[in-house]
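Remarks on the structure that follows.
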Number of protein chains: 2
Amino acid sequence: MLLSKSCVYGLRASLYLAAREQGEFIPIRNMSDKLEISFHFLTKILQQLTAEGILESFKGPNGGVRLTREGSEIQLIDIVLAIDGPQLLTECALGLPGCGVKNPCPLHDKWAETRDAIHEMLEKTTLTELVRKGKAENLRLTTDGGFDILFEN
Amino acid sequence: MLLSKSCVYGLRASLYLAAREQGEFIPIRNMSDKLEISFHFLTKILQQLTAEGILESFKGPNGGVRLTREGSEIQLIDIVLAIDGPQLLTECALGLPGCGVKNPCPLHDKWAETRDAIHEMLEKTTLTELVRKGKAENLRLTTDGGFDILFEN
DNA sequence: CCTATTTTGGATAAAAGAGTCTCAATAATG
DNA sequence: CATTATTGAGACTCTTTTATCCAAAATAGG
Ligand code: SF4
Ligand code: SF4
């Protein structure tokens, strides 16, 4: 898998947050229910995002979690780096240690291109962009049910 | 990681085989020594490749393993599919089950592009191509030491 | 026929990833 | 102040991946 499960959950939750009113703290329990992710597990992941400064949290009643910046200023890569670290973008196809341009493997040139494509995709895509698309076309963030259903009531 | 470790080992071993004389059975022990991969682990992986018809094996003295086809007719994707299965090419960025074009998530369009790029790279690259490049530029397949060193003595 | 070499296959162990549970800390509300 | 809602943090369990080990089957060569 390209992204770890933690990372995918982090992305889905971030999209959820980006789709809500800015400034509003959302309880993690709400998200875990709507997104069908284990509450405790999601909590852990969001703690990482909080530690990395992507989210901020507030304890107690009416507490929860929210984005520190606008969704339009958060790229997917920010979340991927916060959760999975930079390996994806530095690591190699053949997984040789200390790899790079100076001491490449035969796959390096081709892999570097592909890796750049992945990097670019993650870097150029913002949360808001996906939220807009998701809303416009009612695309799903969970196994079943479209985008809208997540934000009802 | 994009590819599992098993898969990477399988690729490296396949490159090794493609670089040797066609028709010659190479003992797995040789490869595991040269490539610095655990013998037993590599054995398991190559058994999979044998089961998938990418390699054929021969027991006993002078036995070993060799490619069934010419290296120029084996694409990287063949090995990836044999070891990691098709998930990489069918699975989604957001990992939602039963995903596809009919019921996409907001990332689908972008991810599908990236995934196609990966697919194309793996599909268009043959073992021989990489072996040629590796020989020509003495590129490494192990932590240290170039291509040549693997095939000495 | 015997021995050495090599793959096959299964059992087992260690490490990493995914997920669960419990309790403490913080804050709102009556 | 007591209660309740919520995040924070750590221990713990389960699963998958990675790795090790061992005995059995096949084969070449003497
Ligand atoms: S040379 Fe490039 S592709 Fe190969 S292992 Fe190193 S970084 Fe990866
Ligand atoms: S819609 Fe596409 S990108 Fe999204 S989870 Fe499904 S296959 Fe993956």
Side-chain angles (χ1 to χ4, degrees), chain A residues 1-13 16-17 24-68 80 83-85 87-88 91 94-95 97, chain B residues 1-13 17 24-68 80 82-85 87-88 91 94-95 97:
Chain A
M1 243 195 339
L2 187 72
L3 304 175
S4 71
K5 270 191 155 195
S6 297
C7 190
V8 166
Y9 292 163
L11 282 171
R12 280 166 57 196
Y16 188 92
L17 288 170
E24 175 187 17
F25 282 104
I26 314 279
I28 300 177
R29 175 74 68 182
N30 285 13
M31 285 194 274
S32 66
D33 286 352
K34 294 280 191 177
L35 296 174
E36 298 167 347
I37 301 172
S38 144
F39 167 69
H40 293 288
F41 195 31
L42 183 57
T43 293
K44 246 201 212 142
I45 296 163
L46 297 190
Q47 275 171 18
Q48 287 183 70
L49 292 182
T50 304
E52 296 284 336
I54 293 173
L55 302 184
E56 55 194 344
S57 64
F58 194 79
K59 286 179 190 168
N62 310 323
V65 110
R66 72 180 173 197
L67 299 173
T68 50
V80 172
I83 298 177
D84 278 352
Q87 303 90 325
L88 179 62
E91 215 176 41
L94 293 192
Chain B
M1 243 197 335
L2 186 73
L3 304 175
S4 71
K5 268 190 156 196
S6 297
C7 190
V8 166
Y9 293 163
L11 281 172
R12 280 166 57 197
L17 288 172
E24 174 187 19
F25 282 104
I26 314 280
I28 299 177
R29 175 73 68 181
N30 285 14
M31 284 193 274
S32 67
D33 286 352
K34 295 279 192 177
L35 295 174
E36 298 167 347
I37 300 171
S38 146
F39 167 69
H40 289 103
F41 195 35
L42 183 58
T43 292
K44 279 250 150 61
I45 296 162
L46 297 190
Q47 275 172 18
Q48 287 183 71
L49 292 181
T50 304
E52 296 285 335
I54 292 172
L55 302 184
E56 54 194 345
S57 64
F58 193 79
K59 287 178 189 169
N62 309 322
V65 111
R66 72 179 174 198
L67 300 173
T68 50
V80 172
I83 297 178
D84 279 351
Q87 302 90 326
L88 179 61
E91 216 177 37
L94 293 192

Original post:
Looking only at side-chain N and O atoms, does Asn30(B) come under 4.0 Å of OP1 or OP2 in dT6(C)?
Top reply: no
**OP:** May I have the distance from Arg66(A) (atom CZ) to dT7(D) (atom C1'), rounded to whole angstrom?
**Re:** 14 Å
**OP:** Applying ring pair (Phe, Tyr, Trp, His ring centres under 6.0 Å), name anything that partners Phe39(A), two or more places apart in sequence or on another chain.
**Re:** none
Original post:
Could you give the distance from CD (Glu36(A)) to OH (Tyr9(A)), rounded to the nearest 0.5 Å?
Top reply: 10.5 Å
**OP:** Within residues 46-54 of chain B, find the residues that approach DNA chain D with a heavy atom at under 4.0 Å, and present them sorted by residue number.
**Re:** none
Subject >> Euclidean distance, atom CG of residue Asn62(A) to atom P of dT26(C) [Å, nearest integer] >> reply: 18 Å
Subject >> Test item: Asp33(B) and Asn30(B) side chains (from C-beta on) under 4.5 Å apart, heavy atoms >> reply: no
**OP:** Let me know the distance between CD of Glu56(B) and P of dA26(D), rounded to the nearest Å.
**Re:** 18 Å
Original post:
To the nearest 0.5 Å, how far apart are CD1 in Ile28(B) and CG in Leu42(B)?
Top reply: 6.0 Å
Original post:
Does dT8(C) have OP1 or OP2 sitting under 4.0 Å from an N or O in the side chain of Thr43(B)?
Top reply: no
Original post:
Just how far, in rounded Å, is P of dT17(D) from CD1 of Ile37(B)?
Top reply: 19 Å
**OP:** State, yes or no, whether a side-chain contact exists between Met31(A) and Leu17(A) at a heavy-atom distance under 4.5 Å.
**Re:** yes
**OP:** Using atom NE2 of His40(A) as one end and atom P of dT6(D) as the other, report the distance to the nearest whole Å.
**Re:** 14 Å
Subject >> Option from Val65(B), Thr68(B), Ile83(B) for which side chain to side chain contact (heavy atoms under 4.5 Å, CB included) with Leu49(B) holds >> reply: Ile83(B)
Original post:
Contact class for Ile26(A) vs. all strands (heavy atom < 4.0 Å): base, sugar-phosphate, or nothing?
Top reply: sugar-phosphate
Original post:
Looking across every strand, which nucleic acid part, if any, lies under 4.0 Å from Phe25(B) by heavy atom: base, sugar-phosphate, or nothing?
Top reply: nothing
**OP:** Send over the distance from Ile45(B) CD1 to dT20(D) C1', rounded to a whole Å.
**Re:** 13 Å
Subject >> Gap separating the CG atom of Leu46(B) from the CD atom of Glu52(B), nearest 0.5 angstrom >> reply: 13.0 Å
Subject >> Atom-to-atom span, CZ of Arg29(A) to P of dC21(C) - whole angstrom >> reply: 11 Å
Original post:
Starting at the 5' end of DNA chain D and moving along, which residue's nearest nucleotide shows up first, Cys7(B) or Ser57(A)?
Top reply: Ser57(A)
**OP:** Rounded to the nearest 0.5 Å, what's the gap from NZ on Lys44(B) to OG on Ser38(B)? Could you check?
**Re:** 9.5 Å
Subject >> Under 4.0 Å protein heavy-atom contact, by nucleotide of nucleotides 10-19 of chain C - B base, S sugar-phosphate only >> reply: BB------SB
Original post:
Just how far, in rounded Å, is C1' of dT6(D) from CZ of Phe58(A)?
Top reply: 10 Å
Subject >> Salt bridge flag under 4.0 Å for residues Glu24(A) and Arg66(A) >> reply: no
Subject >> Given dT6(D), dA26(D), dA28(C), the nucleotide with the shortest approach to the side chain of Lys59(A) >> reply: dT6(D)
